[in-house]
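Numbering of ligands and ligand atoms starts at 1, following listing order. Along the sequence shown, residues are numbered consecutively beginning with 1.
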Amino acid sequence: MAWLEWWMLDAFDASREFTGDLHSTATSLGQAFARPLPQLIAATDSAHVQHWMIRDRKPLKQWSKGRATLVGGAAHPTSPYAGYGAGMATEDGYFIGRHLAGVDLSDYAAVRQALDAFEARRKPHTVRQSQQAYVLGQVFHHAPRALQPIRDAILDRTPLMQKVVGDSTPGSILSQLGEIDRAEARFTALLGLGEAHGSTP
Ligand SMILES: Cc1cc2nc3c(=O)[nH]c(=O)nc-3n(C[C@H](O)[C@H](O)[C@H](O)COP(=O)(O)OP(=O)(O)OC[C@H]3O[C@@H](n4cnc5c(N)ncnc54)[C@H](O)[C@@H]3O)c2cc1C
């Protein structure tokens, strides 16, 4: 194995400079984890252990200007607590392709209209997911010390997380994916490729 990339998260006070040894910090953070994480850390060259801050940005009001638009992390950077930033970047690729399909790219007004429609379609969903990720990061790592036992009791003993993350989030993600599946099925039928590509219900 030439190199290995992995990541771990820990609360960190941004006003302090990190002066510890990264490899030994990662080793101690990884101790409580199951195999093979501790072994992966041990096998990682210290030169490849990095430290960087997760930052949250307020949602952008506008993604597109002229003929250009933003997608993925540039449009809606999402902290890791959603586990979905890359998923949304991939979905963006699908939706922008769908909105631009059949548009004459030399027609400025038509391209503008398609980009506006793409944005309008994607913004509410991505804003919701990135804001939820921000809130989870705050709850997990930045709750005031006095409130931490209450937080832990709520997370351990009530169905709150299940309701917020386990029920409603998969629902809204599945509705996006369902839309992709239905459009794909229509395209497949239109092109008469049902047999060759397999049909989507
Ligand atoms: C610690 C961590 C864990 C994560 N875990 C998950 C997860 O479990 N599931 C999930 O779905 N998402 C996860 N994400 C989020 C996911 O990584 C991002 O949402 C995703 O990478 C965004 O993809 P992107 O292609 O839009 O942008 P990026 O992956 O950021 O790609 C942008 C690229 O552009 C390059 N670039 C930037 N500026 C320039 C320039 N001027 N010129 C040339 N190149 C440039 C960058 O180097 C980079 O390679 C995680 C993120 C982090 C930080």
Taking the six-membered ring for Trp and the single ring otherwise, decide whether the centroids of Y84 and H76 are under 6.0 Å apart.
-> no
What about the rings of Y94 and H99, do their centers lie closer together than 6.0 Å?
-> no
Show which atoms of ligand 1 fall inside a sub-4.0 Å distance from at least one heavy-atom site of P80.
-> 1 (C), 2 (C), 3 (C), 4 (C), 52 (C)
Using a strict cut-off of 4.0 Å, indicate which atoms of ligand 1 neighbour a heavy atom of G87.
-> 11 (O)
Indicate the atoms forming the closest heavy-atom contact of P77 with S130, along with that distance.
-> O-CB, 3.8 Å
Closest heavy-atom contact between M88 and R122?
-> O-NH2, 3.3 Å
Any nitrogen or oxygen of [X] lying under 3.5 Å from a nitrogen or oxygen in ligand 1? Just yes or no.
X: V71; result: no
X: G83; result: yes
X: A74; result: no
X: G72; result: no
X: A89; result: no

Can you establish whether the number of heavy atoms outside Q113 located under 6.0 Å from its atom CD is more than 12?
-> no
Per atom 16 (C) of ligand 1, closest listed option by heavy atom (A133, S79, G73, A86) = A86
Take E91 and R121, measure what salt bridge (Lys or Arg N to Asp or Glu O under 4.0 Å) needs, and give me the verdict at the end.
-> CA-CA 11 Å; E91 290 169 357; R121 181 67 192 77; over 6 Å; no
